Amino acid sequence: MSGNICREVRREIDQSELRQSLSNGSEAHLESCAACAAFRDERARLRELVGGLKPVSAPADFEMRLRARIARERDLPAQPFIFRFMTSTPAIVVAAILVVAVAAFVFISQQNRRQSPALATGNGNPATTPAPVTPQVAQEIIHEPAPTGAPDGGAVKIKQLPPQLPLAPRTALKTNAPATNRVEVNDFAMRGATPVFMADRHGEVSLTAPVRPMVVTMYDEHGGTRKIQLPPISFGSQRLPDSRTQVSMTNMKDW
Amino acid sequence: MSKSIYWIVALAAVGIGCAQATVAQTVTAEPAPSAAAQSPSPDKTSPRRPVTRRPPDLPARVTVIPNETQLAPQVVTVVHRLTGVQILRLLQRQSAETFTIENIDPRTLMSDAHASILAGWALDDGKTIATRLPQAFAELDIDDHVDVRVPTTAPCAAGEMTLTAAPIEPDLTVITGDGQKFRARLVGIDGETGLSVLQLLRSMPPPPPPKSATLKPGEGIQIFSPEPVANESETLARTTYVKVGASEATVVTLAAPDSTTPGLLVRGGKMSPALVGGIACDRLGNTIGIVQSIEGNEARIVSAAAVQAATKRVLDRQTSVPRAWLGVRGEAIDLAGATELLAHGWRNEQVKALMNDSIGILLTAVIPKSPAAIAKLQAGDVILSVNQTEVKTTDQFSDVMGKANVGDEFQFTIKRPTIANSFDVPVKLGSAYAVDWTFRFADPSAPLFGLQRWGIHTLGLTDKAAFGFGAQNGLIVVAVRPNSAAARSGIRAGDVIESIDGRAMAGRGLALTFAPQKKHTVSIVRDREKKQLVLEVEE
């Protein structure tokens, strides 16, 4: 019974703000229960301690690094969501396909009803063909000359213009063009964010350097496998992995 | 009936939609096949493989911070960057045996894969830098088209190889203490000291002349070498801050005036492998040498005079200068000890006699096909004398070898455990570029075989590794000899040779033989694009 009262009183202490008075019953209990009084004092000290901390502010480059990381992770090769979803919950996928199929059926039926007789019997007039879907990002369309022997026009290259692009989702144009006349899409918007480095101060010299260790797995003529991981940067005159014995560590010399 | 058709159409539409969504996640890297780029075996090479789009590596950077208070302005920072294919070339040359690549990230092949940051000594002309580039051999290639019989201003000895800088300029940057940046070219390496000689593409202000000082044992010195530092104001990831630091040391022994070995020995409390290649300076800032090796808390230093002599040798020839090479490893009898002698076939009574005399160098290894091997020297032999002069220490023997030239002949007096009496062996010295074990550069006198005949040096790729390059199988080209048939045909390092004359390439490309025809069709994959090149072989 006493345990329940203690629990209730402590819950009230936890829920109350700093220095906020408790109910009369709880105050009366605190006078008689040393453990709950100690609990209240401890919580009060803890709140004062936390309240006395200075506010934490993010570093200046936090946003830039966050954006770069988001863009990079979005760029990582991942298994398409649709496949992961389909393999994990096949029943839902089947149900979803059925729903989509019904919706498609209804949509197609409605479209057929609305079509005018002239459109329904389209005779190849360009005016009757549906307008191409324009992607939501800026694009530059480049017509390239046809390769030798190609039966029709040259390849079409669609380049999305890099400036003022939002980080839009990947947009790919569909085409029924043959393999020799394919549409090539360069999706600039999906690249990782360009790293922003601080400008060199006076006297400093900066050079680009490798990022990650180069890893090579190899096997020799006897079938032995060896994995070599090279550091991106080394200081001093240190040779890269070398299985030979360091002569300088022994009394031996080479001539 | 018509409803069923609608159902089928709708399901098909959903299926196509899913498939196209998947395709949108990938890009097809191979271009449309043109008439000029048809594979010789289209049935095997024609299938297109969708390649998963991968993010490009964002570059990191190295920032060298100026050091205003540095005592020695002649000390510069040298940054040597290597691509992945150069690393493979280096691994191939260092490896004792051939190997096949099982796994490698193709993106690292033609981009920066490693950066060596070390110290350099800017000489008085304001243009020449002496340094100890650890990966210099990745930048050099054998030019076996030099006819050694033709006399030149600096003639090569008979049988000597010539190492020339590769046709692509190495990525070498020199940064002075006050923050000036210079591009540099590699003139060559000196085999005797192992030093590399660089020349700046534009001159820098020459360092101040040295002050008069005499070095004595017990005197304090400093070894300058670039080291990573934590920058207090900027903690951005991907940036490594570098500053030339100084390590204190004390002179233990000085080099003998006429010695060719690095006899200058210093001792310090903070010796580390990163100090190899560091520039040692006295208290006035004069260069006293370049660190050759670190053993515990001691550093062995090539003297300033030896460095200047090495630089002159390389500059005079404008190419690498080999050292005289015997092809053995050994140690003095008194240092080898009884156990080592017993392990090499000597009997107890013989060991006692050798130890009592304390004369000679015990050979612990002989490199196959080396001058020593050709002279039939064996591991376990003891060289008692050279040209009738007794040798007692390794330094003594090193002095003799160091003063010798490529092609010099010596009379060694040898004692062998299986032969009662000592005997004389004539030895003709060869040439080598590395200070220690020689690198696996091809012997110019040996006949070339496989693709090497056309000037192509390759490593094998497993099918899995080849797939990463967009090929089904193949050999990766790690080096192309300048002016060779392969170089003329346009084959480059980093290409994957998929087939030659329609024959798929596999293994390591060493034992391949081809029909004796003048033109060969080489199918390669470069930057994930398939190409065909015509390789024209000279008669």
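Per chain, numbering begins at 1; letters A, B, ... match sequence-line order. When reading the values below, keep in mind they use all heavy atoms of this one structure, side chains included, and skip hydrogens, waters and symmetry mates. The shown structure was predicted, so the numbers you read here are calculated from the model rather than taken from an experiment.
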*Can you check whether Arg226(A) reaches Glu102(B) side chain to side chain, under 4.5 Å on heavy atoms?*
no
*Separation of Lys243(B) NZ from Glu204(A) CD (nearest 0.5 Å)*: 10.0 Å
*Checking heavy atoms, do the side chain of Val242(B), its backbone, both or neither come under 4.5 Å from chain A?*
side chain
*Pick one of side chain, backbone, both or neither for Val79(B), based on which atoms fall under 4.5 Å of a heavy atom in chain A.*
side chain
_Any side-chain heavy-atom pair of Ile233(A) and Ile117(B) under 4.5 Å_ = yes
*Atom OG of Ser237(A) and atom CD1 of Ile290(B): how far apart are they, to the nearest 0.5 Å?*
9.5 Å
*For Arg212(A) and Arg107(B), run side chain to side chain contact (heavy atoms under 4.5 Å, CB included): C-alpha distance rounded to whole Å, both residues' side-chain angles, the deciding distance at 0.1 Å, then the answer.*
CA-CA 11 Å; Arg212(A) 60 185 70 173; Arg107(B) 293 172 300 168; 3.8 Å; yes
_Heavy-atom pairs under 4.5 Å with chain A, option from Leu133(B), Leu118(B), Thr240(B), Val276(B) with the top count_ = Val276(B)
*For chain A, find which of Ser225(B), Ala119(B), Pro273(B) contributes the most heavy-atom pairs closer than 4.5 angstrom.*
Pro273(B)
*Residue list, side chain to side chain contact (heavy atoms under 4.5 Å, CB included) with Glu298(B), at least two apart or on another chain*: Leu265(B), Arg267(B)
*How long is the gap from OG on Ser116(B) to CZ on Phe235(A), to the nearest 0.5 Å?*
10.0 Å
*For Leu362(B), is it the side chain, the backbone, both, or neither that has a heavy atom closer than 4.5 Å to a heavy atom of chain A?*
neither
_Reported CG-to-CG distance for the pair Leu91(B) and Leu230(A), which is rounded to 0.5 angstrom_ = 6.0 Å
*How long is the gap from OG1 on Thr63(B) to CG on Leu207(A), to the nearest 0.5 Å?*
8.0 Å
*Against chain B, label Val215(A) side chain, backbone, both or neither, depending on which of its atoms sit under 4.5 Å from a heavy atom there.*
backbone
*What part of Ile101(B) is in contact with chain A, defined as an atom under 4.5 angstrom from a non-hydrogen atom: side chain, backbone, both or neither?*
both
*Residue list, side chain to side chain donor-acceptor pair (under 3.5 Å) with Thr462(B), at least two apart or on another chain*: none
*Side chains of Arg81(B) and Thr208(A), donor plus acceptor under 3.5 Å*: yes
_Counting only non-hydrogen atoms closer than 4.5 Å, does Ala113(B) touch chain A with its backbone (N, CA, C, O), its side chain (CB onward), both, or neither?_
both
*Should Met218(A) and Thr100(B) be marked as a side chain to side chain contact (heavy atoms under 4.5 Å, CB included) after you check the CA-CA gap, both sets of side-chain angles, and the distance that decides it?*
CA-CA 5 Å; Met218(A) 55 182 77; Thr100(B) 301; over 6 Å; no
*Under a 4.5 Å heavy-atom cut-off, does chain A meet the side chain of Thr77(B), its backbone, both or neither?*
neither
*chain A heavy atoms under 4.5 Å from Ile87(B): which part of the residue, side chain, backbone, both or neither?*
side chain
*Does His114(B) use its side chain to pair, donor to acceptor, with the backbone of Pro231(A) at less than 3.5 Å?*
yes
*From OG1 (Thr108(B)) to CE (Met214(A)), nearest 0.5 Å*: 4.5 Å
